[in-house]
Amino acid sequence: MKPIATSRRVAAVSLVGVTALLLSGCGSGNDSGGAVDGSVSLGFVNGSNTHFHTCLLKAVEQEGEAQDAKVYSANSKQDAGTELSNIEDMIARNVDALIVQTVNVDALEGDIAKAKSAGIPIYLTSVATSDMNDVLGAAVVDLKKVGALDAGWIDKDSAGKDVTVGVVAGAPGAASDLLVGGFKDALPKNAKVVANQPGMFNPAKAQDVAENMIQSHPDLDYAFVANEEMAFAVRKAFDAAGAKDVKIVSVNGTEEGVAAVKDGRLAATVANSAMTIGQTAVKNTVGLLDKKEGVDKISDIPLVLVTKDNLSEAPQYCPK
């Protein structure tokens with residue numbers, strides 16, 4: 001460890017207890033990453049293997065190189081026990097800070113306690129928790145607002161007419177709960193949720209859920225799907241069942257998702273750029289370690305409801 005990294009560790013530890021946190025995620029195995037032997041080392045613990053998590057990893061690695069930071073990465077594969085084990089592995093590497101895209105908000109308590117006991121600051125991505133004390137910072141996606149934006153589109157599109165809505169959620173107990181909760185809370189009174197099943201962020205599972213949903217509710221008007229990868233599978237299932245008129249709203253704002261809005265497969269999607277989340281997490285982690293002025297401990301990631309009317313406003317989702 002270079003002397004500058006050691007000094008950053010001391011500076012960062014002094015911040016623990018006065019900052020904030022955040023979560024969300026999935027990743028891939030215990031792969032070492034980070035292209036640069038930089039002046040600071042970061043351990044990135046990702047949550048899964050979805051397109052979001054892949055783009056997030058790429059953004060973290062590229063921004064790490066830009067910030068002269070060495071990045072080690074690990075994937076928790078949607079398992080809280082693996083996530084804690086990955087945190088322990090990063091602690092054993094003696095990294096200067098951890099960046100965590102958690103698989104489950106409930107897993108964060110153990111993650112934070114483990115990092116704190118090792119004297120390593122932890123920066124979280126995607127969602128905040130109620131305890132703002134023992135975390136270096138957070139790049140926050142307001143997941144309830146994401147769901148509410150999609151619900152607002154249905155409110156406008158339905159124009160007061162009584163309509164039925166199906167929900168294909170993600171994995172229970174994680175970010176999906178916030179997404180779905182925000183969506184349901186913001187639906188107008190004329191929109192009734194008639195089905196709500198988890199697709200587990202897995203397209204094959206989501207397609208099975210959609211097939212059963214449209215059989216049980218052949219007159220379905222709308223569907224909210226917790227990410228675009230699942231939404232494409234849901235669209236296939238609905239189309240195969242002759243339900244091409246069901247309007248699907250979703251989440252992510254990937255290049256493929258925006259294209260699907262343009263061609264009508266999706267009615268709307270909420271863009272929350274994985275690239276922006278990853279870049280913000282690395283920049284702010286390094287800045288907070290260095291006690292740079294003007295670095296926000298909590299950064300809100302911009303959200304854009306993308307429809308056919310504003311396709312050009314969708315931010316870049318994934319680094320090149």
Side-chain angles (χ1 to χ4, degrees), residues 50-52 143-171 176 179-272 303-314 317:
T50 71
H51 183 56
F52 166 77
L143 294 174
K144 286 188 175 181
K145 183 178 179 181
V146 171
L149 286 170
D150 274 333
W153 185 89
I154 291 176
D155 184 10
K156 182 178 179 180
D157 188 69
S158 62
K161 177 184 175 183
D162 288 339
V163 294
T164 57
V165 182
V167 174
V168 180
S176 174
L179 282 170
V180 173
F183 174 77
K184 291 172 68 177
D185 289 347
L187 277 176
K189 292 181 179 179
N190 59 291
K192 180 181 179 181
V193 175
V194 295
N196 182 356
Q197 293 179 270
M200 302 305 294
F201 293 119
N202 181 302
K205 172 66 174 175
Q207 186 165 341
D208 288 342
V209 166
E211 289 170 354
N212 293 331
M213 187 178 293
I214 202 64
Q215 286 178 9
S216 301
H217 305 281
D219 296 325
L220 195 69
D221 296 299
Y222 298 93
F224 170 73
V225 187
N227 75 7
E228 290 165 359
E229 287 178 281
M230 292 194 300
F232 300 145
V234 170
R235 177 81 277 159
K236 288 180 181 179
F238 286 172
D239 289 355
K244 294 184 178 181
D245 291 337
V246 179
K247 297 178 181 179
I248 298 174
V249 294
S250 192
V251 178
N252 282 151
T254 64
E255 290 77 6
E256 296 86 352
V258 173
V261 172
K262 183 176 182 179
D263 66 27
R265 284 174 291 153
L266 301 182
T269 192
V270 178
N272 54 304
L303 302 173
V304 180
L305 176 68
V306 181
T307 68
K308 282 188 175 181
D309 296 330
N310 69 337
L311 294 169
S312 63
E313 295 178 19
Y317 185 81

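Remember, it's a predicted structure, so these values are computed and weren't measured experimentally.
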What is the distance from atom [atom1] of [X] to atom [atom2] of [Y], rounded to the nearest 0.5 Å?
| X | Y | atom1 | atom2 | value |
| --- | --- | --- | --- | --- |
| E228 | R265 | CD | CZ | 10.0 Å |
| N252 | T269 | CG | OG1 | 6.5 Å |
| K156 | L305 | NZ | CG | 9.0 Å |

Side-chain touch [X]/[Y], heavy atoms, less than 4.5 angstrom:
| X | Y | result |
| --- | --- | --- |
| F183 | I154 | yes |
| N310 | V304 | yes |
| L311 | V306 | yes |

**OP:** Look at the side chain of N272 and the backbone N and O of L303, then say whether any donor-acceptor pair between them is shorter than 3.5 Å.
**Re:** no
Please check this pair: side chain of D150 against backbone of G147, looking for a donor-acceptor N/O pair closer than 3.5 Å.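 Between the backbone of G147 and the side chain of D150 there is no qualifying donor-acceptor contact (under 3.5 Å).
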What is the minimum heavy-atom distance between [X] and [Y], and which atoms define it?
| X | Y | value |
| --- | --- | --- |
| A268 | T307 | CB-CG2, 4.1 Å |
| G170 | A226 | N-CB, 3.6 Å |
| V249 | A267 | CG1-CB, 4.5 Å |
| F201 | S176 | CZ-CB, 4.0 Å |
| D221 | T164 | OD2-N, 2.9 Å |

For the pair D157 and V163, evaluate side-chain contact (heavy atoms from CB on, under 4.5 Å) and give the outcome as yes or no after the intermediate values. CA-CA 10 Å; D157 188 69; V163 294; over 6 Å; no
Original post:
Would one find more than 12 heavy atoms of other residues, nucleotides or ligands at under 6.0 Å from atom CG of D263?
Top reply: yes
- Going by the side-chain hydrogen bond (donor to acceptor under 3.5 Å, both in side chains) test, which pairs reach into residues 179-205, not counting sequence neighbours?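 Residue pairs with at least one partner in residues 179-205: S158-N190.
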**Report entry** side-chain hydrogen bond (donor to acceptor under 3.5 Å, both in side chains) partners of residues 229-243, not counting sequence neighbours, each pair once
**Finding:**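 Listed by first then second residue: R235-D239.
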Please test T254 against F52 for side-chain contact (heavy atoms from CB on, under 4.5 Å), starting from the C-alpha separation and ending with a verdict. CA-CA 8 Å; T254 64; F52 166 77; over 6 Å; no
Run the side-chain contact (heavy atoms from CB on, under 4.5 Å) test against [X] and tell me which residues pass, sequence neighbours left out.
| X | result |
| --- | --- |
| A148 | A186 |
| A231 | V225, I248, S250, L266 |
| S216 | none |

Exercise. Step by step, would you call W153 with Y222 a side-chain contact (heavy atoms from CB on, under 4.5 Å)?
Worked result: CA-CA 11 Å; W153 185 89; Y222 298 93; 3.7 Å; yes
Sorted by chain and number, sequence neighbours left out, side-chain hydrogen bond (donor to acceptor under 3.5 Å, both in side chains) with D219 holds for none
message: Checking V258 against Y317 for the side-chain contact (heavy atoms from CB on, under 4.5 Å) test, could you report, in this order, the C-alpha distance in whole Å, the side-chain angles of both residues, the deciding distance, and whether it holds?
response: CA-CA 10 Å; V258 173; Y317 185 81; over 6 Å; no
